[in-house]
K.L.:
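The structure that follows is given in the form of C-alpha cells.
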Amino acid sequence: MINIKENEKLSMMNHSCAHLMAQAVKHLYPQAKFWVGPVIEEGFYYDIDLGDVTLTLEDLEKIEKEMKKLSKDGKRIIRRELSRDEALEMFKDDEYKIDLINHMDDDTVISCYTQGDFTDLCRGPHVETVKELKYFKLIKFSGAYWKGDAKNKMLQRIYGVCFDTEEDLNNYIQEIEEAKQRDHRKIGKDQELFMTHELVGAGMPLWLPNGALIRKQLENYIYEKEQQMGYQHVYTPCVGTVNLYKTSGHWDHYQENMFPMMKVDDEEFVLRPMNCPHHMLVYKNKLHSYRDLPIRIGEFATDFRYEASGAVKGLERVRCMCQNDAHLFVMPEQIGEEFKKVVSLILDTYKDFGIKDYKFRLSLRDPLDKEKYFDDDEMWNAAEAKLREVLDDLGVEYFEAIGEAAFYGPKLDVEVKPAVGPEVTLSTCQLDFLLPRRFDLSYIDSKGEKKTPVVLHRAIFGTFDRFTAFLIEETKGVFPTWLAPVQVNIIPVNNEYHLEYANEIYNLLKENGIRVELDSREEKLGYRMRDSVMRKIPYTLILGDKEKDNKTISYRVYGKEETITLKQEEFINKLQEEIKNRTRV
Ligand code: TSB
Ligand code: ZN
C-alpha cells in the first residue's frame, strides 16, 4: 500500500483535502471546532469538536457530498501570514486554535489558509485551488481524546484519503476492502477463534475453543524447540509485590504501563507487566559456576499492561497477554553466540510459519548522548559490535535505529505490518547489563572470581496473542493442517446408506489423534461441501457407495478442485506425516 506521507504531491493534496473536509463539516455543523488535521501514511484525518453531535456513517456521506460541491466551486486557496496578535484575534473564539498558537515558538511563522468562506490556521503548503481535489473518499471515523489524553474531552476523528487519479483511488479502496476481510478481528469472529466481552473488560480477549487449539499448537511448537535448545521452563505467579518491581526498577520507570497496586493483608501487589524479576529470582535460587552458563529460563507467562482503551485491538494489542518469554543468563563473552541462536530460532520459526514480510530493527545507543544509557562504555561497544557481526554473519537484512536502545542495553526487534493499522513488533531480543546488577546476580568464573552475568530477554512469538493475530492475517484464516482447529470434515453422501461407514472413519481418525468432525446434517451434499469450504477446513471427506464398498476415503483439499481416493491407512499416514512435519500445503 502506498505511503501517502512519503509522497510529496499526494501529501500536499491530502493536507488540502483535510481542509476541504473541515470546510464541508463547518457548512453542515456550524458549531464545529477543529483541532489538528495531519497527513498520515494512509491519507489524512481531522480531529473535530462537534459539540453534542455524534457522527454516523450517513453523516460521512453527507460531508463527502458537500466536499464534492465545494471542489466543483473551485475556490482558490490563499495563504496569509499573521503576527501572533493577529492570529490570536482572528481565532479568539476557538479555544483549540488559541491553544495551538500559544504553544508555538516565538520564531514560528504563523500562517493561515483561506478557501471561500473557510479559514484555517496552517503551516501549509497547499494545492492552488480546491478544484484539484477530485478523487477522495472519507474512510471511517472514531473517537479521539484531545491531545491523546483520556482525561480530556473526546473529539471525533474523521479519516479520509485523496488521490490524483480515479484509478488510484479505486485501487486503494479495493485494497482497504481486502485488508478488512483479512483483519484478524473479522476472521476471529467468523471462525470463532476469540471473543471479547465488556463484562471482562477492554483488551481482555477470551480464547474460544478453536483459537485455543491453535494457541496450543504454537505452545507445543516453541516448547519443543526451546527444550531442544536447552531451555528450562518454569511456572511463576502473575503477580509480584511492589518491592519486587522496585528492585527491578519497573516501579519507577514502567509504572504508567502497569495496573494499579492492590493491597492484600499487609502486602502490596501488582499484576506483573513483565516476567524478568521472577526469572531473576529463579536464577538466584542457586549458586552458579561459569560451567552452568548459559542458563535459559523460559515461561509462557501471563502479563498485564495498561494500554489506552483506544489502543487495544483484537488479539494484537491487549491488556492481558501471554509472552513466549525467556531470560538467558550468559557471560559477557557468550553474548554473540547466544544472540546468534536466538536470531536463528526467529528465522527458523518465521520460515516454518511462512512469514516473509518482516523487518529486523537493531536499536543502538546514541554515541553522542551516552548520558541516557547505562554507564559501561566497553560493554556497550563490544555488545553492539557483536550484534552487528552476528546479523552480518547470518546474512540478515536489518536497519539500525540509533538512539532507540533501552537504557539497559541494545536490542533487536522484528517488525511486521498488520492488515489494518501501523507496524507492530513481534519477536524481540534485548540485551540487559543492568537487571542482573539490581538483583545482585552472580556466577563464579574460571578463576574462582565472582562475576555478574548479562541477561538476554527474548520472546520469539512476542506474545501468543499478537503472533496469533498476525498469523490469522497472514493465512487469511486458512491454517495449515497442523494448526487448523478442525483438520478433517467428513460428509456422508447419504445418511441412510453411508452414515455407518462415516462413523467408522470418524472413530478411526479420532483414535489416530486427528481433529475431525462429521457433518451428518440432513442437508444437500453440495450445501455441506460449500459449508466445509467456507469454514476453511483443510480436508473434506466425501464418503459414498464406492468408498464404503472399497473401504477407501475420497477427499478434497481446501482450495483444490480435484477429488482424490486413497486406502484408509494411506490417507492416515499421509495426514499424520503432514501434521508431524508441520507442512504448509
Ligand atoms: C522479552 N521483558 C521482555 C521479555 O523478556 C519484554 O517484556 N519485552 S517487551 O516489552 O518487548 O514485550 C515482549 C513482546 O510482547 C513484544 O515484542 C510484543 O511482541 C509483545 N507485546 C507487547 N505489548 C503487547 C500488547 N499490549 N499486546 C500484545 N502483545 C504485546
Ligand atoms: Zn524480560
K.L.:
Has Arg157 got its NZ or CZ under 6.0 Å from the middle of the six-membered ring of Tyr45, at an angle within 45 degrees of the ring axis?
P.N.:
yes
K.L.:
Is the number of heavy atoms from other residues, nucleotides or ligands under 6.0 Å of Tyr235 OH greater than 12?
P.N.:
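Open: at most 12 neighbouring heavy atoms sit under 6.0 Å from OH of Tyr235.
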K.L.:
Any chance you could lay out the side-chain contact (heavy atoms from CB on, under 4.5 Å) test for Lys180 and Ile176, step after step, and finish with the verdict?
P.N.:
CA-CA 6 Å; Lys180 270 194 209 153; Ile176 294 184; 4.3 Å; yes
K.L.:
Can you tell me if Lys225 has over 12 outside heavy atoms packed within less than 6.0 Å of its NZ?
P.N.:
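For Lys225, atom NZ is crowded (more than 12 foreign heavy atoms under 6.0 Å).
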K.L.:
Please check this pair: side chain of Asn512 against backbone of Ile514, looking for a donor-acceptor N/O pair closer than 3.5 Å.
P.N.:
no
K.L.:
Mind checking whether Phe44 and Tyr159 have ring centres under 6.0 Å apart?
P.N.:
no
K.L.:
How many angstroms lie between CD1 in Ile297 and CE in Met280, if you round to the nearest 0.5 Å?
P.N.:
9.5 Å
K.L.:
Does one side chain, of Tyr221 or Asp352, offer a donor that lies under 3.5 Å from an acceptor on the other?
P.N.:
yes
K.L.:
Minimum heavy-atom separation for Leu575 and Tyr539, please, with both atom names.
P.N.:
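Closest heavy-atom pair between Leu575 and Tyr539: CD1-CE1, 3.3 Å.
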K.L.:
Using atom types as modelled and distance alone, determine if a side-chain donor or acceptor of Asn210 lies under 3.5 Å from a backbone N or O of Leu193.
P.N.:
no
K.L.:
Angle between ring planes, Phe461 versus Phe467, binned at 30° and 60°: parallel, tilted or perpendicular?
P.N.:
tilted
K.L.:
Please list all pairs passing the ring-ring contact (aromatic ring centres under 6.0 Å, His included) test where one or both residues lie in residues 414-446, with sequence neighbours left out.
P.N.:
Trp380-Phe433
K.L.:
My understanding is that only residues two or more places apart in sequence, or in another chain, count here; which of them pass side-chain contact (heavy atoms from CB on, under 4.5 Å) with Asp357?
P.N.:
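Counting only residues at least two positions away or on another chain, Asp357 forms no side-chain contact (heavy atoms from CB on, under 4.5 Å).
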K.L.:
Please round to the nearest 0.5 Å and tell me the distance separating atom CG of Leu471 and atom CG of Leu483.
P.N.:
6.0 Å
K.L.:
For Ile295 and Val330, what are the C-alpha separation, side-chain angles and deciding distance, and is it a side-chain contact (heavy atoms from CB on, under 4.5 Å)?
P.N.:
CA-CA 7 Å; Ile295 287 175; Val330 304; over 6 Å; no
K.L.:
So, Glu338 side chain and Leu328 main chain: donor-acceptor pair closer than 3.5 Å or not?
P.N.:
no
K.L.:
With side chains defined as the heavy atoms from C-beta onward, is the minimum distance between Phe360 and Asp413 less than 4.5 Å?
P.N.:
no
K.L.:
Any salt bridge between Asp183 and Arg185, counting N to O under 4.0 Å?
P.N.:
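Yes, this pair counts.
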K.L.:
May I ask you to decide whether Arg535 forms a salt bridge with Glu517, counting only side-chain N to carboxylate O separations under 4.0 Å?
P.N.:
yes
K.L.:
With distance as the sole test, does Asp292 use its side chain to make a donor-acceptor pair with the main-chain N or O of Ser289 at under 3.5 Å?
P.N.:
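Yes.
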K.L.:
Tyr245: which residues meet the ring pair (Phe, Tyr, Trp, His ring centres under 6.0 Å) condition with it, sequence neighbours left out?
P.N.:
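Result, ring pair (Phe, Tyr, Trp, His ring centres under 6.0 Å) vs Tyr245: His250.
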K.L.:
Taking Glu41 for its side chain and Ile4 for its backbone only, find out whether a donor-acceptor pair lies under 3.5 Å.
P.N.:
no
K.L.:
Measuring only between side-chain heavy atoms, which start at C-beta, is Phe374 closer than 4.5 Å to Met379?
P.N.:
no
K.L.:
If I compare all heavy atoms of Gln487 with all of Thr481, which pair ends up nearest, and what's the gap?
P.N.:
NE2-O, 2.9 Å
K.L.:
Contact between Gln232 and Gln227 at the side-chain level, heavy atoms closer than 4.5 Å - yes or no?
P.N.:
no
K.L.:
Do Phe269 and Val242 make a side-chain contact, defined as non-hydrogen atoms from C-beta onward lying under 4.5 Å apart?
P.N.:
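Not touching, per the 4.5 Å side-chain cut-off.
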K.L.:
Got more than 12 heavy atoms from elsewhere within 6.0 Å of NZ, Lys417?
P.N.:
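Buried by this count: over 12 neighbours within 6.0 Å.
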K.L.:
Thr241 and Leu244: side-chain contact (heavy atoms from CB on, under 4.5 Å), yes or no, with the steps?
P.N.:
CA-CA 5 Å; Thr241 65; Leu244 177 67; 3.8 Å; yes
K.L.:
Please check: side-chain N/O of His278 versus main-chain N/O of Pro237, any donor-acceptor pairing under 3.5 Å?
P.N.:
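Yes, because the side chain of His278 sits within donor-acceptor range (under 3.5 Å) of the backbone of Pro237.
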K.L.:
A side-chain contact here means heavy atoms from C-beta on lying under 4.5 Å apart; do Ile214 and Trp207 qualify?
P.N.:
no
K.L.:
Return yes if a side-chain donor-acceptor contact under 3.5 Å exists between Asp49 and Tyr96, otherwise no.
P.N.:
yes
K.L.:
May I ask you to decide if the ring planes of Tyr283 and Phe329 are parallel, tilted or perpendicular, using 30° and 60° as cut-offs?
P.N.:
parallel
K.L.:
Using a distance-only test with no angle check, is there a side-chain donor-acceptor pair under 3.5 angstrom linking Glu299 and Thr236?
P.N.:
yes
K.L.:
Between the side chains of Thr302 and Arg272, is a donor N or O closer than 3.5 angstrom to an acceptor N or O?
P.N.:
no
K.L.:
To the nearest 0.5 Å, what is the distance between CG (Leu281) and SG (Cys276)?
P.N.:
11.0 Å
K.L.:
More than 12 heavy atoms of other residues, nucleotides or ligands under 6.0 Å from CD of Glu192: is that the case?
P.N.:
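Atom CD in Glu192 is not crowded, with 12 or fewer foreign heavy atoms closer than 6.0 Å.
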K.L.:
Give the minimum heavy-atom separation between Arg361 and Glu415, together with the two atoms involved.
P.N.:
NH2-OE2, 3.5 Å
K.L.:
Do any pairs count as a salt bridge (charged side-chain N to carboxylate O under 4.0 Å, His left out) and have a residue in residues 456-479, sequence neighbours left out, and if so which ones?
P.N.:
Glu226-Arg458
K.L.:
In Å and rounded to the nearest 0.5 Å, what is the CG to CE distance from Asp47 to Met154?
P.N.:
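Between Asp47 CG and Met154 CE, I get 11.0 Å after rounding to 0.5 Å.
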K.L.:
Would you say the side chain of Thr468 lies within less than 4.5 Å of the side chain of Leu218, judging by non-hydrogen atoms?
P.N.:
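They are in contact (side-chain heavy atoms under 4.5 Å apart), so the answer is yes.
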K.L.:
Between Asn275 and Asp303, is there a side-chain heavy-atom distance shorter than 4.5 Å?
P.N.:
yes
K.L.:
For a quick test of reading the model, state the closest non-hydrogen atom pair linking Ala484 to Pro538 and the distance between them.
P.N.:
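Looking at all heavy atoms of both residues, the closest pair is CB-CG, 3.6 Å.
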K.L.:
Before accepting this row, confirm whether a basic side-chain N of the pair Asp252/Lys246 lies closer than 4.0 Å to the acidic partner's carboxylate O.
P.N.:
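A salt bridge is absent here (no side-chain N lies under 4.0 Å from a carboxylate O).
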K.L.:
Would a 4.5 Å heavy-atom cut-off, applied to side chains only, mark Val455 and Leu435 as touching?
P.N.:
no
K.L.:
Please determine whether the number of non-hydrogen atoms from other residues, nucleotides or ligands lying under 6.0 Å from atom NZ of Lys147 exceeds 12.
P.N.:
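Yes, enclosed.
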K.L.:
Checking side-chain polar atoms at under 3.5 Å, does Tyr398 have a donor or acceptor matched by the opposite partner on Asp392?
P.N.:
yes
K.L.:
So which atom in Val39 and which in Ser11 form the shortest heavy-atom distance, rounded to 0.1 Å?
P.N.:
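For Val39 and Ser11, the tightest heavy-atom pair comes out as CG2-O, 3.3 Å.
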K.L.:
Is it true that atom NZ of Lys359 has more than 12 heavy atoms of other residues, nucleotides or ligands lying nearer than 6.0 Å?
P.N.:
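Result for NZ/Lys359: open.
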K.L.:
Can Val270 and Val239 be said to form a side-chain contact (heavy atoms from CB on, under 4.5 Å), step by step?
P.N.:
CA-CA 6 Å; Val270 284; Val239 291; over 6 Å; no
K.L.:
Tell me, please, which residues at least two apart from Asn381 pass side chain to side chain donor-acceptor pair (under 3.5 Å).
P.N.:
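Arg365.
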K.L.:
Does the pair Arg215/Glu219 count as a salt bridge with the N-to-O cut at 4.0 Å?
P.N.:
yes
K.L.:
Quick one: does any side-chain atom of Asn581 pair with a main-chain N or O of Thr583 as donor and acceptor, under 3.5 Å?
P.N.:
no
K.L.:
Distance-only criterion, 3.5 Å: show the donor-acceptor pairs between side-chain atoms of residues 253-266 and protein atoms not counting sequence neighbours.
P.N.:
| from | atom 1 | to | atom 2 | distance (Å) |
| --- | --- | --- | --- | --- |
| Tyr254 | OH | Arg305 | NE | 3.3 |
| Tyr254 | OH | Arg305 | NH1 | 3.3 |
| Gln255 | NE2 | Trp251 | O | 2.8 |

K.L.:
Mark yes or no for whether Lys313, through its side chain, and Val420, through its backbone, hold a donor-acceptor pair below 3.5 Å.
P.N.:
yes
K.L.:
Counting only heavy atoms not in Lys386, do more than 12 fall under 6.0 Å of its NZ?
P.N.:
no
K.L.:
Tell me the closest heavy-atom pair linking Ile460 and Asn324, and the distance in Å.
P.N.:
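Closest approach of Ile460 to Asn324: N-OD1, 3.0 Å.
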K.L.:
Check whether any side-chain N or O of Thr108 sits under 3.5 Å from a backbone N or O of Met104 as a donor-acceptor pair, and report yes or no.
P.N.:
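Not confirmed, Thr108 side chain does not pair with Met104 backbone.
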